[in-house]
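Below is one structure, written out as structure tokens, with a few remarks after it.
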Amino acid sequence: MTLPVTLPRFFYARPTLDVAGDLIGKVLVHHTRTGLTSGIIVEVEAYIGESDPACHAAPGPTARNAPLYGPPGLAYVYLNYGIHNLVNAVTEEEGSPAAVLIRALEPLEGEALMRARRTRGTGRAPGALSHDEICRGPGNLTRALGITLRDNRLDLTKGPLRIEDRGLPPREVEWTPRIGIRVGVEAAWRCAAVGSAAVSGRKSSGTTARQRRPG
DNA sequence: CGTTCGATGCACT
DNA sequence: GTGCATCGAACGT
């Protein structure tokens, strides 16, 4: 058991697909006044450069996508569909716009607080959420961890929003096309931990009928 | 089980 | 004014 180590800048200053694969099994942590919440990263997507039509840098530099052009290790948070905050880790070198979107976590610390945030304002009871639903999906995990637009441009290598290596065992991963985009569908730039029930999207194959009882 | 559709805010044309 | 890197309730089979 080793001490938690916040990932340093050089971790992010690499090819985005390498960073994406290596983020699986790392721990996203958010420390707020309300408390500390965290989860194991089990699903990510890479968005790479102005030539990637699904990347926010596709139109070239704008006010919104400026963090993508910044130094590696920054957080890029933006509002999607008017409702959901999505969090990315900026990769590669300054001036080279690319990032990894974090899409799902397995809840680790502060689960009660995460449940409260996820159900606040809705009619749902905190207990109605299963453990694996709490941080399943990019909009859900930011809500659970209390990540908002105010966290945009924060430095993930230090401070209240960070990603740690806690020496967790390596996970088997699978690469698939990215989810929920209209362009750039062909690239297999989504990476997910195999077998994790917290992963979003459809099951790759096999038995989806696990809900039914045997007998 | 499956698919459809409304909510909601901001960047960009 | 249009279009999203979404979510979940509502409805169809």
Determine whether the side chains of A:Thr176 and A:Arg190 contain a donor N or O and an acceptor N or O closer than 3.5 Å.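 Side-chain D/A pair, A:Thr176 to A:Arg190: present.
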
Less than 4.0 angstrom between a side-chain N/O of [X] and OP1 or OP2 of [N], yes or no?
| X | N | value |
| --- | --- | --- |
| A:Arg182 | C:dC4 | yes |
| A:Arg103 | C:dT6 | yes |
| A:His84 | C:dA5 | no |
| A:Asn140 | C:dG8 | yes |
| A:Arg178 | C:dT6 | no |

[X] [atom1] to [N] [atom2], straight-line distance once rounded to whole Å:
| X | N | atom1 | atom2 | value |
| --- | --- | --- | --- | --- |
| A:Ile134 | C:dC7 | CD1 | P | 15 Å |
| A:His56 | C:dC4 | NE2 | P | 10 Å |
| A:Asn80 | B:dA7 | CG | C1' | 13 Å |
| A:Tyr76 | B:dA11 | OH | C1' | 9 Å |
| A:Asn85 | C:dA5 | CG | P | 15 Å |
| A:Leu86 | B:dC10 | CG | P | 15 Å |
| A:Ile179 | C:dC7 | CD1 | P | 10 Å |
| A:Asn65 | C:dA5 | CG | C1' | 14 Å |

Selection from [options] that lies nearest to any side-chain heavy atom of [X]:
| X | options | answer |
| --- | --- | --- |
| A:Arg124 | C:dA5, B:dC12, C:dA9 | C:dA9 |
| A:Ile83 | B:dC12, C:dA5, B:dT8 | B:dT8 |
| A:Ala63 | C:dA9, B:dC12, C:dT6 | B:dC12 |

Name the nucleic acid region contacted by [X], choosing base, sugar-phosphate or nothing; use a 4.0 angstrom heavy-atom cut-off, strictly under.
| X | value |
| --- | --- |
| A:Arg143 | nothing |
| A:Leu79 | sugar-phosphate |
| A:Ile181 | sugar-phosphate |
| A:Arg64 | sugar-phosphate |

Under 3.5 Å, is there any donor-acceptor pair linking the side chain of A:Tyr81 to the base of B:dA7?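 Such a pair does not exist between side chain and base.
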
Is A:Leu23 close to A:Leu7 at the side-chain level, that is, under 4.5 Å between some pair of heavy atoms?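 Of all side-chain heavy-atom pairs linking A:Leu23 with A:Leu7, at least one is under 4.5 Å.
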
Beyond-backbone contact of A:Pro160 with A:Asp151, side-chain heavy atoms, under 4.5 angstrom: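 When only atoms from C-beta onward are counted, A:Asp151 and A:Pro160 do not touch, as no gap falls below 4.5 Å.
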
Is there a donor-acceptor pair closer than 3.5 Å between any side-chain N or O of A:Arg171 and the backbone N or O of A:Gly25? no

Quick one: does A:Glu45's side chain have a donor or acceptor within less than 3.5 Å of a partner on A:Ile179's backbone? yes

Spacing of [X] atom [atom1] and [Y] atom [atom2] [to the nearest 0.5 Å]:
| X | Y | atom1 | atom2 | result |
| --- | --- | --- | --- | --- |
| A:Thr6 | A:Glu164 | OG1 | CD | 4.5 Å |
| A:Thr157 | A:Arg9 | OG1 | CZ | 3.5 Å |
| A:Ser196 | A:Leu105 | OG | CG | 9.5 Å |

With Watson-Crick and G-U wobble geometry limited to distances under 3.5 Å, how should the secondary structure of DNA chain B be encoded in dot-bracket form, using | for bases paired to another strand and [ ] for crossing pairs? |||||||.||||.

Given the C1' atoms of C:dG8 and B:dC10, what is the spacing between them in whole Å? 22 Å

